[in-house]
Chemist: 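Have a look at this one.
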Amino acid sequence: MVCSALRRVALARVYLVRKASHVTRGHQHQACGSRPAASECAAQGATGGAVELLGKFYPQDDHTNLTRKVLSRVGRNLHNQQHHPLWLIKERVKEHFYKQYVGRFGTPLFSVYDDLSPVVTTWQNFDSLLIPADHPSRKKGDNYYLNRTHMLRAHTSAHQWDLLHAGLDAFLVVGDVYRRDQIDSQHYPVFHQLEAVRLFSKHELFAGVKDGESLQLFEQSSRSAHKQETHTMEAVKLIEFDLKQTLTRLVTHLFGDGLEIRWVDCYFPFTHPSFEMEINFHGKWLEVLGCGVMEQQLVNSAGAQDRVGWAFGLGLERLAMILYSIPDIRLFWSEDERFLKQFRVSDINQKVTFQPLSKYPAVINDISFWLPSENYAENDFYDLVRTIGGDLVEKVDLIDKFEHPKTHKTSHCYRITYRHMERTLSQGEVRHVHRAMQEAVVQLLGVEGRF
């Protein structure tokens with residue numbers, strides 16, 4: 001894993017690759033999977049080559065920042081693997097929507113899309129959702145780009161516009177999404193989302209409302225904290241009521257009756273007003289999803305000018321960790337039979353409480369260095385740690401920051417916790433990985449080592 005990863009990241013650093021390769025073959029040969037064609041040609045910031053992914057080639061440019069670690073996860077589709085815990089959550093949500101919401105002809109109201117390609121254009125991922133050109137969520141440091149025009153989707157919302165434009169007005173989208181992030185038990189560069197959208201015509205929204213035929217969806221007014229400038233207050237309140245009722249039914253189906261729920265106002269570029277749902281689970285308030293009234297500009301641009309609607313999105317790992325008491329997000333990628341067999345149930349609604357595998361001892365090593373004067377991004381460091389350390393790395397904590405009083409150079413010290421999910425690691429084998437990491441961070445990120 002480390003050999004191929006470093007070769008991909010910097011072909012010129014051959015001596016680093018050879019050193020890291022010795023570590024990998026002995027101790028981590030399963031940590032990253034095997035996608036040699038893609039990994040060999042995907043180089044950070046390289047130009048002139050191409051990235052091969054899912055049977056297509058994408059020219060590299062100065063935005064290309066994929067890692068072998070991430071490439072090895074593309075196409076795994078854990079949410080479609082029968083009896084995987086993420087599949088169980090997806091199926092439970094699907095079953096609920098199929099039973100609760102039926103169309104005029106007795107068929108399910110919501111259609112489901114769970115095999116859309118994770119490769120999208122930057123227009124789909126950002127512009128179609130009204131995300132401004134200077135919005136921080138577009139940063140190269142937070143996303144995985146194939147090049148300036150294509151990327152691995154950062155959210156399933158990237159498909160909203162296309163499905164609306166195709167004429168759909170009620171759908172679920174499920175898929176893997178990719179974000180560069182910190183390293184701990186709750187974060188992983190690949191996770192899975194479930195997205196839902198529902199549109200209403202004037203007749204559908206006001207059906208059953210007294211004197212509903214006299215009510216309107218649209219008006220020209222001013223935007224406030226409670227509504228968009230184009231929506232009537234009556235329309236917004238009914239959309240919001242339907243959305244919250246839909247979500248309350250869903251989480252009650254998943255978690256059971258008697259669940260305490262609260263709604264927190266928040267901001268998303270593509271909905272307004274927007275909310276986060278929190279549930280009180282075992283005495284703790286937990287945020288489980290985001291939702292809101294869809295921005296009418298987005299709906300109009302997709303060709304549904306006569307309709308209004310809501311959207312919500314939730315993380316499958318987040319729900320599965322809560323529902324099944326799974327303590328570490330890395331476990332979802334485990335092929336250990338002791339993990340997988342716990343979720344082979346005859347009824348998808350059967351209660352499952354994860355029984356922990358033996359927790360093997362951690363090996364902890366620190367790494368410290370002086371930052372370069374410019375162009376250092378912490379997520380670049382985290383990606384490098386994931387590339388070399390793979391799933392041996394449980395978490396990374398920034399434990400010290402120091403500015404030299406004379407040179408004004410800044411030093412970072414990170415504590416890296418290594419723990420194998422299936423066996424005990426020795427300090428010796430971790431030392432090889434850690435040394436490769438020390439050399440790589442100097443050569444590839446331009447830092448000055450303090451080790």
Side-chain angles (χ1 to χ4, degrees), residues 1-21 23-24 28 31-32 39 42-47 49 51 60-71 136 139-147 178-184 187-189 365-393 395-404 407-418 430-451:
M1 161 199 138
V2 178
C3 174
S4 297
L6 288 179
R7 189 185 302 120
R8 175 192 49 69
V9 177
L11 294 172
R13 314 295 186 189
V14 176
Y15 69 97
L16 273 179
V17 174
R18 288 174 179 161
K19 185 162 188 173
S21 172
V23 179
T24 307
Q28 292 174 244
C32 245
S39 63
Q44 285 192 349
T47 57
V51 180
Q60 291 177 196
D61 59 26
D62 61 346
H63 255 54
T64 307
N65 65 349
L66 293 171
T67 67
R68 177 179 169 86
K69 171 78 173 176
V70 167
L71 286 169
K139 287 191 304 184
K140 181 179 172 182
D142 291 339
N143 300 285
Y144 288 104
Y145 284 93
L146 284 85
N147 51 40
Y178 299 78
R179 294 183 195 170
R180 304 177 77 197
D181 213 332
Q182 64 199 77
I183 302 176
D184 58 32
H187 294 88
Y188 202 79
N365 283 345
D366 294 347
I367 182 170
S368 59
F369 44 79
W370 297 105
L371 304 188
S373 57
E374 57 184 14
N375 296 329
Y376 174 79
E378 199 161 53
N379 279 344
D380 288 340
F381 172 66
Y382 292 146
D383 253 4
L384 192 58
V385 170
R386 288 192 190 276
T387 297
I388 297 176
D391 285 351
L392 297 185
V393 179
K395 65 176 179 175
V396 177
D397 296 309
L398 177 61
I399 61 172
D400 185 57
K401 289 177 69 173
F402 167 73
E403 182 175 329
H404 195 284
T407 65
H408 299 292
K409 293 171 67 175
T410 300
S411 170
H412 280 189
C413 180
Y414 296 90
R415 178 153 293 164
I416 302 177
T417 302
Y418 299 88
V430 169
R431 190 180 303 117
H432 285 295
V433 177
H434 201 72
R435 284 176 180 168
M437 209 171 285
Q438 289 174 329
E439 293 195 34
V441 77
V442 171
Q443 295 296 327
L444 304 180
L445 299 185
V447 305
E448 181 183 340
R450 300 184 67 193
F451 30 82

Chemist: Pairs in or reaching into residues 440-450: which pass salt bridge (charged side-chain N to carboxylate O under 4.0 Å, His left out), with residues at least two apart or in two chains?
Modeler: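 Sorted result for residues 440-450: Lys409-Glu448.
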Chemist: Taking the side chain as every heavy atom from C-beta outward, state whether Val393 and Ile416 have any atom pair closer than 4.5 Å.
Modeler: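 When only atoms from C-beta onward are counted, Ile416 and Val393 do touch, with a gap below 4.5 Å.
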Chemist: Nearest 0.5 Å, what's the CD-CD distance between Gln438 and Gln443?
Modeler: 12.5 Å
Chemist: Taking the six-membered ring where the residue is Trp, are the ring centres of Tyr414 and Phe369 under 6.0 Å apart?
Modeler: yes
Chemist: Is the shortest side-chain heavy-atom distance between Arg179 and Tyr144 below 4.5 Å?
Modeler: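 No; the side chains remain at least 4.5 Å from each other.
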Chemist: Please round to the nearest 0.5 Å and tell me the distance separating atom CZ of Phe381 and atom CG of Leu371.
Modeler: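 So the CZ of Phe381 and the CG of Leu371 are separated by 10.5 Å.
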Chemist: Measuring from atom OG1 of Thr387 to atom NZ of Lys69, what distance do you get when rounded to the nearest 0.5 angstrom?
Modeler: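 Here the rounded value is 8.5 Å.
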Chemist: Applying the side chain to side chain contact (heavy atoms under 4.5 Å, CB included) criterion to Leu146, which one of Asp61, Leu66, Thr64, Asn65 satisfies it?
Modeler: Leu66
Chemist: For the residue pair Asn379 / Asp142, report whether a side-chain donor-acceptor contact shorter than 3.5 Å exists.
Modeler: yes
Chemist: Any donor-acceptor pair under 3.5 Å linking the side chain of Asp380 with the backbone of Tyr376?
Modeler: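 No, because the side chain of Asp380 does not come within donor-acceptor range (under 3.5 Å) of the backbone of Tyr376.
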Chemist: For Asp366, enumerate each residue passing the side-chain contact (heavy atoms from CB on, under 4.5 Å) test, keeping only those at least two apart in sequence or located in another chain.
Modeler: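 In terms of side-chain contact (heavy atoms from CB on, under 4.5 Å), with neighbours along the sequence ignored, Asp366 is linked to Ile364, Ile399, Cys413, Arg415.
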Chemist: Is any side-chain heavy atom of Tyr188 closer than 4.5 Å to one of Arg386?
Modeler: yes
